[in-house]
Amino acid sequence: MLKQWRSPFLLLTLCSLLLTACGPGGQREVIAATSTGQPLTLTDFTGRELSFPGIPKHIVALGSGEADIILALGGALVGRPSSTGTTPVKGTEEIMQVGSAHEVDLEKIAYLKADAVLGNAQLNTKDIPALEGVGAQLVLTQAHSVTDITRQIRLFGQMLNKEQQAQQIISGIEAEVQSAAAASTRQKPRVLLVYGAPGTYMAALPNSLGGNILELAGGVNIAADYPGLQSYPQYATLNTERIMEANPQLILIMTHGNAAEVQHGFEQEMRQNAAWSSLDAVVHNRVSVLPAELFGTNPGTRVTESLQMLITLFSSLELQ
C-alpha cells in the first residue's frame, strides 16, 4: 500500500572486480566492486539484478534492521522507517521517516531523491514499479534467520564498497553462534514463542528469525512442526490442545507494539481457557515480553544481543 505526502580532491580509482557468491538455497549474489562514480551491479535476495551508476548516495531503509546495518558499515541514510511506539535505531533519530515495509510513503521517498530503497522481499515486491517511477531502485532482502542477516550485511557491504567492514561484522556474529552451539549441552527449556499484537497471536516457527534465534540459544520450540500460515509461513495458529500436550516451561512474546498492552491481552486470552493455568510456564510465572528492538523486528547487527539474551535467560532457569 502506497501512502502519499506532498510536499582539488584526489580521485581514487579502483579496478572493478566481479565477485560471485552463492547464498543459501543456491541463490546467486553478484556484485561489481566499485568506487564512487563507477558502475555497480548487484543481485538482491529475489534474484533481481540491479544497476547503479555508482555507490548509492541517497539510501532509504524501510526496516530497522536494514537501517542498523547501513550505519554499522559506516554508511548514511536519508530516510528511515517510521517509529510507531518503538525507539528508532540509534543514530537515525533526526532522519526523515518514510513509512515502513508495510506502508511505503512514496512521495517522501521521491522528495529525498532516493537512489536505493532497502525493502522486504515478502512485502515490497509489489512496490517495485512505483519506486522505479520516482527513480529509486528497490533492493529486496529478508531476515528469517541469522544467516539471512549475515547475507544482508554482505550484500549491503558490497553495495557500499565496505566488504572488509562487512566481513568483520559477520565474523563476530558467526563467533557468537559457534559459542552458543558449544554451550548447547545445558538444559533445553520447552518454549512457546508467540508473535503478537492485541487480539492477534501466532506461534513463531523455526523458519522465522525469532524461531531460529530460539533454537540457536538452546531452546526447544514446541511449535516446530505446526503448519505455517499461508500468508505468513514463518508463523502458525496457536493450537491450544497441542500446547497443553507440550506443556511449555517458558512462554515468550514478541511484538513491535506496546509490550505491556500485548502481554495483558495475551494473559486475558489465557484466562479464557482454564487449561492454560496448568501450564508449567504459567504456574511458575514464566510468561514475558521480549524487547521489541531485539525480537519484534529484524535487529540487524544487534542479533548477537538477541541471541545472548536468550542464552542468559535459559541458563538462569531453574527447571524441574
Side-chain angles (χ1 to χ4, degrees), residues 3 5 44-45 55-105 108-109 111-112 114-124 127 131 136 138-146 148-160 162 165-166 168-170 172-173 176 195 197 208-210 212-213 254-259 262 289-310:
K3 175 182 173 186
W5 177 82
D44 71 9
F45 281 26
I55 295 173
K57 296 180 180 179
H58 299 90
I59 302 173
V60 166
L62 299 179
S64 58
E66 290 77 9
D68 170 86
I69 292 170
I70 293 297
L71 295 188
L73 289 170
L77 294 169
V78 297
R80 68 169 173 91
S82 300
S83 301
T84 53
T86 58
T87 304
V89 173
K90 185 177 181 180
T92 68
E93 295 87 353
E94 303 303 316
I95 296 174
M96 182 179 287
Q97 301 180 55
V98 294
S100 68
H102 295 276
E103 188 176 15
V104 179
D105 198 325
K108 279 189 178 181
I109 291 174
Y111 171 79
L112 293 169
D115 46 12
V117 177
L118 313 180
N120 180 275
Q122 186 174 358
L123 299 174
N124 296 122
D127 299 319
L131 288 167
L138 182 56
V139 183
L140 295 169
T141 63
Q142 64 186 24
H144 297 321
S145 66
V146 175
D148 276 349
I149 292 177
T150 60
R151 291 179 64 210
Q152 286 184 310
I153 294 168
R154 181 171 287 109
L155 183 62
F156 298 160
Q158 293 169 335
M159 183 177 72
L160 296 173
K162 301 275 190 179
Q165 294 93 322
Q168 290 175 344
I169 296 170
I170 291 169
I173 293 173
E176 288 282 348
Y195 187 87
S208 69
L209 178 58
N212 180 233
I213 295 171
M254 304 181 297
T255 182
H256 62 269
N258 184 293
V262 170
V289 180
L290 296 167
E293 67 273 16
L294 296 181
F295 291 93
T297 185
N298 171 11
T301 62
R302 296 184 67 190
V303 71
T304 54
E305 296 178 41
S306 308
L307 180 58
Q308 189 56 54
M309 180 178 181
L310 289 192

>> Minimum heavy-atom separation for Q142 and A121, please, with both atom names.
In response: OE1-CB, 4.4 Å
> Roughly how far, to the nearest 0.5 Å, is the CD atom of E103 from the CG atom of L123?
Replying inline: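 Nearest 0.5 Å value for the CG-CD distance: 12.5 Å.
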>> Nearest 0.5 Å, please: how far is OG1 in T141 from CD in Q152?
In response: 4.0 Å
>> Does I173 form a side chain to side chain contact (heavy atoms under 4.5 Å, CB included) with V146? I'd like the steps, not just the answer.
In response: CA-CA 8 Å; I173 293 173; V146 175; 3.7 Å; yes
>> Contact between L155 and V139 at the side-chain level, heavy atoms closer than 4.5 Å - yes or no?
In response: yes
> Going through the distances and angles, do L138 and N124 end up as a side chain to side chain contact (heavy atoms under 4.5 Å, CB included)?
Replying inline: CA-CA 8 Å; L138 182 56; N124 296 122; 4.0 Å; yes
> Ignoring hydrogens and geometry, is there a side-chain-to-backbone donor-acceptor pair from D44 to L140 under 3.5 Å?
Replying inline: yes
> Would you say the side chain of D148 lies within less than 4.5 Å of the side chain of L209, judging by non-hydrogen atoms?
Replying inline: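 Side chain of L209 against side chain of D148, heavy atoms only: no contact under 4.5 Å found.
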>> Any heavy-atom pair between the side chains of L310 and F295 that's under 4.5 Å?
In response: yes
>> Within this structure, what is the OG1-CZ distance for the pair T297 and R302, rounded to the nearest 0.5 Å?
In response: 11.5 Å
>> What I'd like to find out is whether the side chain of Q122 reaches to under 4.5 Å of the side chain of H144, using heavy atoms alone.
In response: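 A side-chain contact under 4.5 Å exists here.
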>> Within the structure provided, determine whether S64 and E293 are in side-chain contact (heavy-atom separation under 4.5 Å).
In response: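 Of all side-chain heavy-atom pairs linking E293 with S64, none is under 4.5 Å.
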>> With a 4.5 Å cut-off on side-chain heavy atoms, are P81 and Q97 touching?
In response: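 No - every pair of side-chain heavy atoms lies 4.5 Å or more apart.
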>> Looking at every heavy atom in both V78 and K57, which two are closest together, and how far apart are they?
In response: CG1-O, 4.4 Å
> Hey, does the side chain of D127 reach the backbone of V104 with a donor-acceptor pair shorter than 3.5 angstrom?
Replying inline: no
> What's the verdict on side chain to side chain contact (heavy atoms under 4.5 Å, CB included) for L118 and I70, showing C-alpha distance, side-chain angles and the deciding distance?
Replying inline: CA-CA 10 Å; L118 313 180; I70 293 297; 3.6 Å; yes
> More than 12 non-hydrogen atoms from neighbouring residues, nucleotides or ligands closer than 6.0 Å to CD on E93, yes or no?
Replying inline: yes
> For the atom pair OG (S306) and CG (N212), what is the distance rounded to the nearest 0.5 Å?
Replying inline: 11.0 Å
> With side chains defined as the heavy atoms from C-beta onward, is the minimum distance between M159 and I55 less than 4.5 Å?
Replying inline: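 M159 vs I55: side chains apart.
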>> Does any part of the side chain of L112, heavy atoms only, come nearer than 4.5 Å to the side chain of H58, both counted from C-beta?
In response: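 Contact flag for H58/L112 side chains = no.
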> Which value, rounded to the nearest 0.5 Å, describes the distance between K162 atom NZ and I169 atom CD1?
Replying inline: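 These two atoms lie 10.5 Å from each other.
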> Would E66 and N120 satisfy side chain to side chain donor-acceptor pair (under 3.5 Å), going step by step from the backbone distance to the final call?
Replying inline: CA-CA 10 Å; E66 290 77 9; N120 180 275; 5.7 Å; no
> If every non-hydrogen atom of P88 is compared with every non-hydrogen atom of T92, which pair is closest and at what distance?
Replying inline: CB-OG1, 3.8 Å
>> Can you list everything that forms a side-chain contact (heavy atoms from CB on, under 4.5 Å) with A166? Sequence neighbours excluded, please.
In response: L73, I153
>> Let me confirm one number: the NE2-OH distance from H256 to Y195, rounded to the nearest 0.5 Å.
In response: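 One finds 4.5 Å between NE2 of H256 and OH of Y195.
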>> Could you go through V60 and K108, starting from their C-alpha distance and side-chain angles, then the distance that decides it, and tell me whether this counts as side chain to side chain contact (heavy atoms under 4.5 Å, CB included)?
In response: CA-CA 10 Å; V60 166; K108 279 189 178 181; over 6 Å; no
>> Under a 3.5 Å distance rule, please check whether R80 uses its side chain to pair with a backbone N or O of I95 as donor and acceptor.
In response: yes
> Is there a donor-acceptor pair under 3.5 Å between the side chain of D68 and the backbone N or O of T301?
Replying inline: yes
> Under 3.5 Å, side chain of S82 to main-chain N/O of S100, donor-acceptor pair present?
Replying inline: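 Checked: no pair found.
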